[in-house]
> 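Dumping the structure here so I can ask a few things about it.
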Amino acid sequence: MSDVSFEPSAGPVPDRRLSVIAGNKVVLALDLGTTTGWAMSLPDGGIVSGTVSFRPSRYDGGGMRYLRFRAWLDSIADDAPDIAAIHFEEVRRHLSTDAAHVHGGLLAMLTAWCEERSIAYQGVPVGTIKRFITGRGNADKAAVIDAVRACGYSPSDGNEADAIAILLWALETRGGVR
């Protein structure tokens with residue numbers, strides 16, 4: 001598991017409107033997968049993001065990636081206890097059966113974890129995220145990465161770019177209300 005750092009990267013200057021939209025609470029966005037992209041708005045309006053790998057080692061049992069994911073969520077909650085909502089990419093079609101199983105397992109762990117802590121959670125359709133960040137609902141990964149970079153962020157890969165796009169959508173639309 002990677003270390004989680006809450007130091008803002010070389011992104012844009014925090015927009016104080018974001019802290020008002022989030023109600024000075026933390027909003028977490030996730031692109032669930034073996035390499036999970038995450039982005040989080042902080043109470044001061046700053047945004048931090050990154051990726052974390054849940055790839056099992058050859059000696060791990062089948063459930064270890066999910067236990068590591070749960071432990072990672074616990075560490076996020078320890079470092080940012082005021083999580084108001086979690087938004088995640090709602091995938092309806094996977095290119096492989098393995099990817100579908102991994103996504104489903106992570107989603108089950110996430111929703112159970114949120115329920116235990118009374119944290120609101122919401123899936124956001126892939127087309128909605130792509131349309132929001134690029135203007136096209138069928139944009140490819142490169143277009144999403146380019147659009148996120150045009151907003152002033154420096155995602156390391158498509159997973160982090162997706163998470164940043166989900167977070168920006170959640171903050172601007174107040175979770176789809178606007």
Side-chain angles (χ1 to χ4, degrees), residues 1-6 18-56 60-133 158-178:
M1 188 162 55
S2 71
D3 293 322
V4 177
S5 172
F6 292 102
L18 297 181
S19 62
V20 173
I21 291 169
N24 290 327
K25 298 271 186 179
V26 173
V27 176
L28 178 61
L30 299 173
D31 178 26
L32 298 172
T34 297
T35 301
T36 293
W38 62 273
M40 186 170 17
S41 70
L42 302 175
D44 69 357
I47 292 177
V48 293
S49 63
T51 61
V52 60
S53 176
F54 299 109
R55 184 171 308 285
D60 284 344
M64 285 307 296
R65 84 167 73 227
Y66 307 110
L67 293 176
R68 277 207 251 347
F69 178 61
R70 184 180 190 87
W72 178 77
L73 289 170
D74 288 340
S75 72
I76 292 287
D78 288 345
D79 291 336
D82 293 328
I83 298 174
I86 298 178
H87 300 273
F88 56 90
E89 186 175 63
E90 185 177 79
V91 179
R92 292 291 178 203
R93 183 178 74 86
H94 290 278
L95 296 179
S96 77
T97 302
D98 287 344
H101 290 175
V102 169
H103 186 269
L106 293 172
L107 181 58
M109 291 298 289
L110 174 65
T111 55
W113 187 86
C114 289
E115 292 289 349
E116 288 173 347
R117 287 161 181 74
S118 298
I119 297 172
Y121 57 92
Q122 176 187 20
V124 185
V126 175
T128 299
I129 299 161
K130 289 181 176 188
R131 192 174 308 105
F132 168 79
I133 200 71
N159 301 306
E160 185 176 358
D162 286 349
I164 293 168
I166 294 164
L167 181 63
L168 294 174
W169 173 88
L171 294 174
E172 186 169 311
T173 66
R174 297 179 188 227
V177 174
R178 291 192 299 160

> Rounded to the nearest 0.5 Å, how far apart are CG of Leu28 and CH2 of Trp38?
8.0 Å
> Roughly how far, to the nearest 0.5 Å, is the CG atom of Leu32 from the CG atom of Asp162?
11.0 Å
> What pairs with Thr34 under side chain to side chain donor-acceptor pair (under 3.5 Å), at least two apart in sequence or on another chain?
Arg65
> Given Ile76 and Met40, is the side-chain contact (heavy atoms from CB on, under 4.5 Å) satisfied, shown in steps?
CA-CA 10 Å; Ile76 292 287; Met40 186 170 17; 4.2 Å; yes
> Can you name the nearest heavy-atom pair linking Tyr66 to Met109, along with the distance?
O-CE, 3.6 Å
> Donor-acceptor check, side chain of Thr51 to backbone of Thr35, threshold 3.5 angstrom: yes or no?
no
> Taking all atoms of both residues into account, what is the closest heavy-atom pair of Arg68 and Pro56, and its distance?
NH2-CA, 4.0 Å
> Atom CD1 of Ile164 and atom CG of Asn159: how far apart are they, to the nearest 0.5 Å?
11.0 Å
> Work out which heavy atom in Ile47 is nearest to a heavy atom in Ser41; give both atom names and the distance.
CG1-CA, 4.3 Å
> Got a sec, which residues hit side chain to side chain donor-acceptor pair (under 3.5 Å) with Trp113, two or more places apart in sequence or on another chain?
Asp74
> Could you give all pairs that pass the side chain to side chain donor-acceptor pair (under 3.5 Å) test and reach residues 120-130, with sequence neighbours left out?
His87-Gln122, Glu115-Tyr121
> Which residues pass the side chain to side chain contact (heavy atoms under 4.5 Å, CB included) test with Ala29, sequence neighbours left out?
Ile166, Leu167
> How long is the straight-line distance from CZ of Phe88 back to CG of Leu106, given to the nearest 0.5 Å?
11.5 Å
> Between Thr111 and Leu107, is there a donor-acceptor pair closer than 3.5 Å when you use the side chain of the first and the backbone of the second?
yes
> Quick one: CG on Asp82 to CD1 on Ile119, what's the gap to the nearest 0.5 Å?
10.0 Å
> Would you compute the distance between atom CD of Glu116 and atom CG of Leu73 and round it to the nearest 0.5 angstrom?
10.5 Å
> Evaluate side-chain contact (heavy atoms from CB on, under 4.5 Å) for Phe54 paired with Val102, printing each intermediate quantity in order.
CA-CA 10 Å; Phe54 299 109; Val102 169; over 6 Å; no
> Go through the structure and list residues passing salt bridge (charged side-chain N to carboxylate O under 4.0 Å, His left out) with Arg131, not counting sequence neighbours.
none
